[in-house]
Protein chains: 2
Amino acid sequence: MSIRNPKQALYEQFAIVAKAFGHPLRLEMIEHLAQGARSVEALAAKLGQPVANISQHLQALRRAGIVSAERDGKFVHYSLADASVLSAVAAVRGLAERQLAEVDRIVRGYFDARDDMRPVTRDELQTLMRDGLVTLIDVRPPDEFALGHVPGAINVPLGEIKTWSADAAPDREVVAYCRGPWCVMSFEAVAALRSLGYSARRLEDGLPEWKAAGLPVEMAA
Amino acid sequence: MSIRNPKQALYEQFAIVAKAFGHPLRLEMIEHLAQGARSVEALAAKLGQPVANISQHLQALRRAGIVSAERDGKFVHYSLADASVLSAVAAVRGLAERQLAEVDRIVRGYFDARDDMRPVTRDELQTLMRDGLVTLIDVRPPDEFALGHVPGAINVPLGEIKTWSADAAPDREVVAYCRGPWCVMSFEAVAALRSLGYSARRLEDGLPEWKAAGLPVEMAA
DNA sequence: CTGTCATTCAATTATTCTATTGAATGACGA
DNA sequence: TCGTCATTCAATAGAATAATTGAATGACAG
């Protein structure tokens with residue numbers, strides 16, 4: 001198909017970008033890169049995929065201008081190229097949530113069972129934190145926590161929930177968050193805490209959305 | 001690939017939606033559907049494509065929840081399912097415009113040559129129209145104009161620019177708009193008017209964006 | 001210069017997507 | 001009921017994409 005007119009040429013470019021979003025693994029990669037820059041190997045480890053596979057998907061994302069690469073010694077660190085990557089993903093996600101019955105089914109079948117209370121919004125959380133009413137836990141792995149987290153949050157990776165809760169005040173509400181709106185770890189954390197008798201809720205979405213909303217982020221531990 | 005966890009199942013759904021955006025023809029179909037509902041045959045005629053091909057692409061879009069179908073006698077009218085379809089396209093377009101060198105090249109090679117002045121923003125246009133300083137022309141075909149246009153606009157399809165301009169006031173500035181930000185017809189109209197000695201500019205984007213901004217739309221002719 | 005390690009490339013196979021063709025469906029009017 | 005017309009389905013061939021494997025690159029340490 002030869003390029004007959006410039007509009008078609010432009011739409012071919014736009015299609016390259018949209019197509020790059022059109023693979024579940026690449027969407028998951030974007031969720032991880034939204035936490036901060038990652039090397040190919042680190043991403044591959046997080047996703048449990050062969051390095052070469054991740055490398056190829058990263059290059060598809062780079063050709064589409066979704067991620068950018070920066071060489072640092074023998075590592076190449078990839079990160080999101082543009083803040084609007086997250087808004088593009090959010091637009092697609094919103095469309096899917098509103099229009100696809102299958103999404104509704106998945107959400108109802110799995111998530112609702114674990115999160116029958118409505119999630120805490122960012123505004124609510126800020127009020128609750130200011131008044132000192134809740135304990136905020138970040139259930140992501142320590143390396144992601146170290147690269148940035150909500151101020152005042154405590155890092156409690158999913159595997160340590162039980163240990164941690166033994167020492168926590170039993171009558172204080174816990175709010176958990178993780179990588180994004182559909183990150184399963186915060187759902188699991190809330191379910192675990194509730195089964196241990198705690199009052200727990202989920203933040204409506206994750207750190208990248210918090211950052212994108214212009215709210216402050218705390219570094220290091 | 002079996003569904004191991006609900007997050008992957010969700011990402012597969014999101015990928016279906018994103019993938020549906022990932023074809024130049026489907027993006028062009030979305031641009032047309034943004035003007036108003038269309039039958040399969042009408043869309044096929046506008047795009048110069050076989051009906052069966054358009055029908056199949058429409059069903060891909062429908063499976064992705066991007067368009068919805070409504071039967072009316074023997075016709076099936078398709079339209080955009082959700083206002084956020086346009087914002088998803090806009091996010092992808094913005095990303096491509098900012099990140100892909102190829103887009104820059106196409107725009108510079110073709111559009112800049114025909115539009116060396118900055119386009120008129122919607123706000124500017126409203127001021128200019130209120131003060132009666134410009135003539136606004138809608139260069140889309142009459143059927144699209146009839147389904148809704150910017151109040152005060154005159155319908156001057158591309159082929160009639162020359163005839164129309166003969167009767168137009170020669171010292172009055174003309175603003176042209178069409179289907180969207182990269183619709184070539186408004187670029188062509190501005191180029192034609194300038195070559196005829198008129199002062200002409202383009203509106204920054206088209207009718208769907210005007211409507212999406214909550215501004216009034218006039219119906220019929 | 002050589003070995004090591006992160007990343008990329010190249011080649012293969014399996015899968016999915018695209019365009020095209022002609023036949024099937026479903027609604028309308030005679 | 002029958003023919004017509006808009007749309008969809010089904011089947012095909014050709015093209016693009018995905019995952020896997022092993023080899024090649026490029027940077028660092030000794």
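Chain letters run A, B, ... following the sequence lines, proteins first and then strands; every chain starts at 1. All of these numbers come straight from a predicted model, not from anything done at the bench. As a basis for the values below, the full set of heavy atoms in this structure was taken, side chains included, without hydrogen atoms, waters or symmetry mates.
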ask   = Any side-chain N or O of B:K74 less than 4.0 Å from the OP1 or OP2 oxygen of D:dT4?
value = no
ask   = Please give, in whole Å, the distance from D:dT17 P to A:L25 CG?
value = 16 Å
query = OP1 or OP2 of D:dA19 less than 4.0 angstrom from a side-chain nitrogen or oxygen of A:H57, does that happen here?
reply = yes
inquiry  = Is there a side-chain contact between B:Y78 and the phosphate of D:dA6, meaning an N or O under 4.0 Å from OP1 or OP2?
reply    = no
query = On DNA chain C, nearest-nucleotide positions of B:K19 versus A:A52: which is more 5'?
reply = A:A52
ask   = Between A:D72 and A:P50, which is nearer to the 5' end of DNA chain D once each is assigned its nearest nucleotide?
value = A:P50
task = Respond yes when some side-chain nitrogen or oxygen of A:R26 is under 4.0 Å from OP1 or OP2 of D:dA18, and no when none is.
result = yes
ask   = Okay, side chain of B:R71, backbone of B:G73: is any donor-acceptor separation there less than 3.5 Å?
value = yes
request  = Can you tell me the distance, in whole Å, between the CZ atom of A:F75 and the P atom of D:dC28?
outcome  = 11 Å
inquiry  = Taking 4.0 Å as the cut-off, does a side-chain nitrogen or oxygen of A:Q59 come that near to OP1 or OP2 on C:dT7?
reply    = no
request  = Assess whether salt bridge (Lys or Arg N to Asp or Glu O under 4.0 Å) is satisfied between B:E144 and B:K46, documenting all intermediate values.
outcome  = CA-CA 11 Å; B:E144 299 182 21; B:K46 291 262 183 200; 2.8 Å; yes
ask   = With no hydrogens and no angle check, is any side-chain donor or acceptor of B:Q99 less than 3.5 Å from a backbone partner on B:A96?
value = no
inquiry  = Could you check whether B:K7 pairs with A:E31 (Lys NZ or Arg NE/NH1/NH2 to Asp/Glu carboxylate O, under 4.0 Å)?
reply    = yes
query = Does the side chain of A:R179 pick up a donor-acceptor pair with the side chain of A:Q35 at under 3.5 Å?
reply = no
Rounded distance (Å) that lies between atom P of D:dT4 and atom CD of B:E41 = 16 Å
message = Please determine whether a side-chain nitrogen or oxygen atom of A:S39 lies at a distance below 4.0 Å from atom OP1 or OP2 of C:dA6.
response = no
Rounded interatomic separation in angstrom, taking CE from B:M29 and P from C:dA19 = 11 Å
inquiry  = What is the separation between atom CD on A:E70 and atom P on C:dT7, rounded to the nearest whole Å?
reply    = 13 Å
ask   = Which whole-number value in Å describes the distance from B:N53 CG to C:dT21 C1'?
value = 12 Å
query = In whole Å, what is the span from the CG atom of B:L58 to the P atom of D:dA6?
reply = 16 Å
message = Side-chain N or O of A:S55 versus OP1/OP2 of C:dT8: is the shortest distance under 4.0 Å?
response = yes
ask   = Could you give the CZ-to-P distance, from A:R38 to C:dA6, as a whole number of Å?
value = 17 Å
task = Examine C:dC17: is either OP1 or OP2 under 4.0 Å from a nitrogen or oxygen in the side chain of B:Q56? Give yes or no.
result = no
